[in-house]
Novice: 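The following block contains the structure, expressed as structure tokens.
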Amino acid sequence: MAHMLKVLDERCPLKVKPSKVLFIFISVLMHAPCSSIMQNCSRPDTPSLLEALQPVFKLNEIRPTMNISTPTNVSIGFVLFGILGLDEKAQVLKTYIWQDMRWRNEFVEWDPEQCGSSAITIPRKLLWVPDVVINEFMEKNSAPFVPYSYLYSNGFVLDSHPIRVISSCRLDIYTFPFDVQNCSLSFNSYLHRKAVLQMDIFTSVEDILNQSKKVMTTMGEWELIGLTVQTITQPAGDDELYQEIRFFVTVRRRATLYVVNLLIPSCFLITVDLFSFLLPPQTVDRSMFKMTLILGYTVFLLIMNDLLPTTGNTIPLINVFLGLCLALMMSSLMETIIITNLLCGSAHYSPVPRWLRVLVLQILGRLVRLPPKPRDLEDTVIQNPATQEMKVFSVVAADSEAPKQKGQLNNDKALQELRSLGKDLQAIRLQVQQQQQEGSQTSQEWIQVGFIIDRLLFGLYILFISVSFVTMIIIWVKS
Ligand SMILES: *[C@@H]1O[C@H](CO)[C@@H](O)[C@H](O)[C@H]1NC(C)=O
Ligand SMILES: *[C@@H]1O[C@H](CO)[C@@H](O)[C@H](O)[C@H]1NC(C)=O
Ligand SMILES: *[C@@H]1O[C@H](CO)[C@@H](O)[C@H](O)[C@H]1NC(C)=O
Ligand SMILES: *[C@@H]1O[C@H](CO)[C@@H](O)[C@H](O)[C@H]1NC(C)=O
């Protein structure tokens, strides 16, 4: 048959279009009843084998089948050598794979004994190579170029090369950092239809998965947990079919870094904020303390911002969590300011409005187990600064009376003056006391309102922290 090839070579120099070569080739085949081409070597060594293969190399531009209606079967396999990472912003998965392809070149066949070897490596460009590409490919392959393929004596070609795959993948980062991503790698021939190029996989997916797990060196923060395959056949428009082999690579993020660096410090800060409710609200310390905490938290978020994923479409749950932490801190600071205000200045406030009294004192008060006090209680538990002032004033007044009486006993006029002054003072004192009693009634109620809100927020805090802690631990343990 090689002599036929020689004839072909003489008739059509290489300049001729492949389709024309094919046409002539087929027409020659019609007349020559022959099923395969046998290469004969003059000596059993590689140079003579290469010599014998020369006619085949000149046919590298056409699909290597004797009959054009016979499809070429291409087996595809790969080993996932490394998961380089995931770019949430660009929505791409970066992997490094070793891709294998195997198909039969029907123009080649030699006797291993006659030619001295059963396989030979030759530059890939000397033979026809199927145009199998990965559909999701986004960038140029930057893996080292491998120029050789294996050619076996029965005509099979094994082509293997590394690919640095930057593949587009729809990422779902809602559950970050406990997310699992499912990305596809679709192998298909860019041009050939199913009728001329059929694909299947080399080995089972389980083998690919196990092999990948064995050889994988770089996984970064990702762990390969699964691999599935689907063979998809799509209509190509003109009654033909496109075939595609789609692998689904499932990877899971290792969450430890994020839990340790982001979530736990956040929970610590909010716990400290929780404990600051034990500080007395009367003093300024509590609000200062909370303010410092908020400042610290803001700085923490700024530093850790690089760890958070950035995409446009969905807001990850962790951002909501961090935002909620900040919101709780803010609201606790605001509440502290209000409480301090109520404790210091409520004596001058108008009485508590009815709706507020019902809502806060009656309903919320029962909820947080701070029942409303009886209204005619004399002793206030909380010393109103206004009350203290009045007491000091009255004490000073009583003290200033004594030495004057001691010093000048016989000065009647002065005595009378003093007595009337004393009466006046008494009257003023009574009036002030009355006013102050009314005032203390309202201020007491306001203070009660303040305390109820304080305790309510404290409860909310405990609830939020325990729920988020428990949820986090459950998810962490499960993943
Ligand atoms: C190659 O060998 C086969 C069988 O050994 C023979 O039929 C054929 O003619 C030989 N071809 C050439 C070109 O010598
Ligand atoms: C090519 O294959 C088709 C279908 O398999 C067959 O009908 C046809 O005869 C074949 N042609 C040759 C030259 O073998
Ligand atoms: C290709 O595979 C199909 C089945 O998938 C089979 O029928 C056919 O014979 C194969 N062709 C070759 C050239 O091996
Ligand atoms: C990945 O997605 C594909 C298609 O959406 C689905 O068939 C496959 O089961 C998914 N794999 C996993 C592990 O969820």
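Note that ligands are numbered from 1 as they come in the structure, with each ligand's atoms numbered from 1 the same way.
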Novice: Testing the 3.5 Å rule here: is there a donor-acceptor pair between the side chains of Ser189 and Tyr242?
Specialist: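 Absent: no donor and acceptor within the cut-off.
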Novice: Restricting to ring-ring contact (aromatic ring centres under 6.0 Å, His included), what partner residues turn up for Phe57, sequence neighbours left out?
Specialist: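 In terms of ring-ring contact (aromatic ring centres under 6.0 Å, His included), with neighbours along the sequence ignored, Phe57 is linked to no residue.
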Novice: Do me a favour and list the nearest non-hydrogen protein atom to atom 14 (O) of ligand 4 with residue, atom name and distance?
Specialist: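 Protein heavy atom with the smallest distance to atom 14 (O) of ligand 4: Asn182 ND2, 3.5 Å.
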Novice: Identify the closest protein heavy atom to atom 12 (C) of ligand 3: which residue and atom is it, and at what distance?
Specialist: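 Of the protein heavy atoms, Asn73 ND2, 3.4 Å lies nearest.
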Novice: Would you please indicate yes or no on a ring centroid separation below 6.0 angstrom for Phe187 and Phe247?
Specialist: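 Yes - the distance between ring centres of Phe247 and Phe187 falls below the 6.0 Å cut-off.
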Novice: Which residue supplies the protein heavy atom nearest to atom 13 (C) of ligand 4, what is that atom called, and how far is it?
Specialist: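 The answer is Thr250 OG1, 3.3 Å.
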Novice: Is it the case that the side chains of Asn67 and Ser69 hold a donor-acceptor pair, with the cut-off being a distance below 3.5 Å and no angle test?
Specialist: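 Present: a donor and an acceptor within the cut-off.
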Novice: Taking only heavy atoms of Gln230 into account, list the atoms of ligand 4 that are under 4.0 Å away from them.
Specialist: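 Near Gln230, the atoms of ligand 4 are 7 (O).
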Novice: Check ligand 3 against Gln198 and write out every atom of the ligand that is under 4.0 Å from a heavy-atom position of the residue.
Specialist: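 The atoms of ligand 3 under 4.0 Å from a heavy atom of Gln198 are 2 (O), 3 (C), 5 (O).
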Novice: Do you see a protein non-hydrogen atom under 4.0 Å from atom 7 (O) of ligand 3?
Specialist: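 So atom 7 (O) of ligand 3 lacks protein heavy-atom neighbours under 4.0 Å.
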Novice: With a 4.0 Å cut-off on N to O distance, would you call Arg455 and Glu335 a salt bridge?
Specialist: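 Glu335 and Arg455: not salt-bridged.
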Novice: Find all atoms of ligand 4 within a distance of less than 4.0 Å from any non-hydrogen atom belonging to Phe248, and give their numbers and elements.
Specialist: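 Those qualifying, in numeric order: 1 (C), 2 (O), 3 (C), 4 (C).
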Novice: From Ile270 CD1 over to Phe321 CZ, what is the distance, rounded to the nearest 0.5 angstrom?
Specialist: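 It is 7.0 Å, given to the nearest 0.5 Å.
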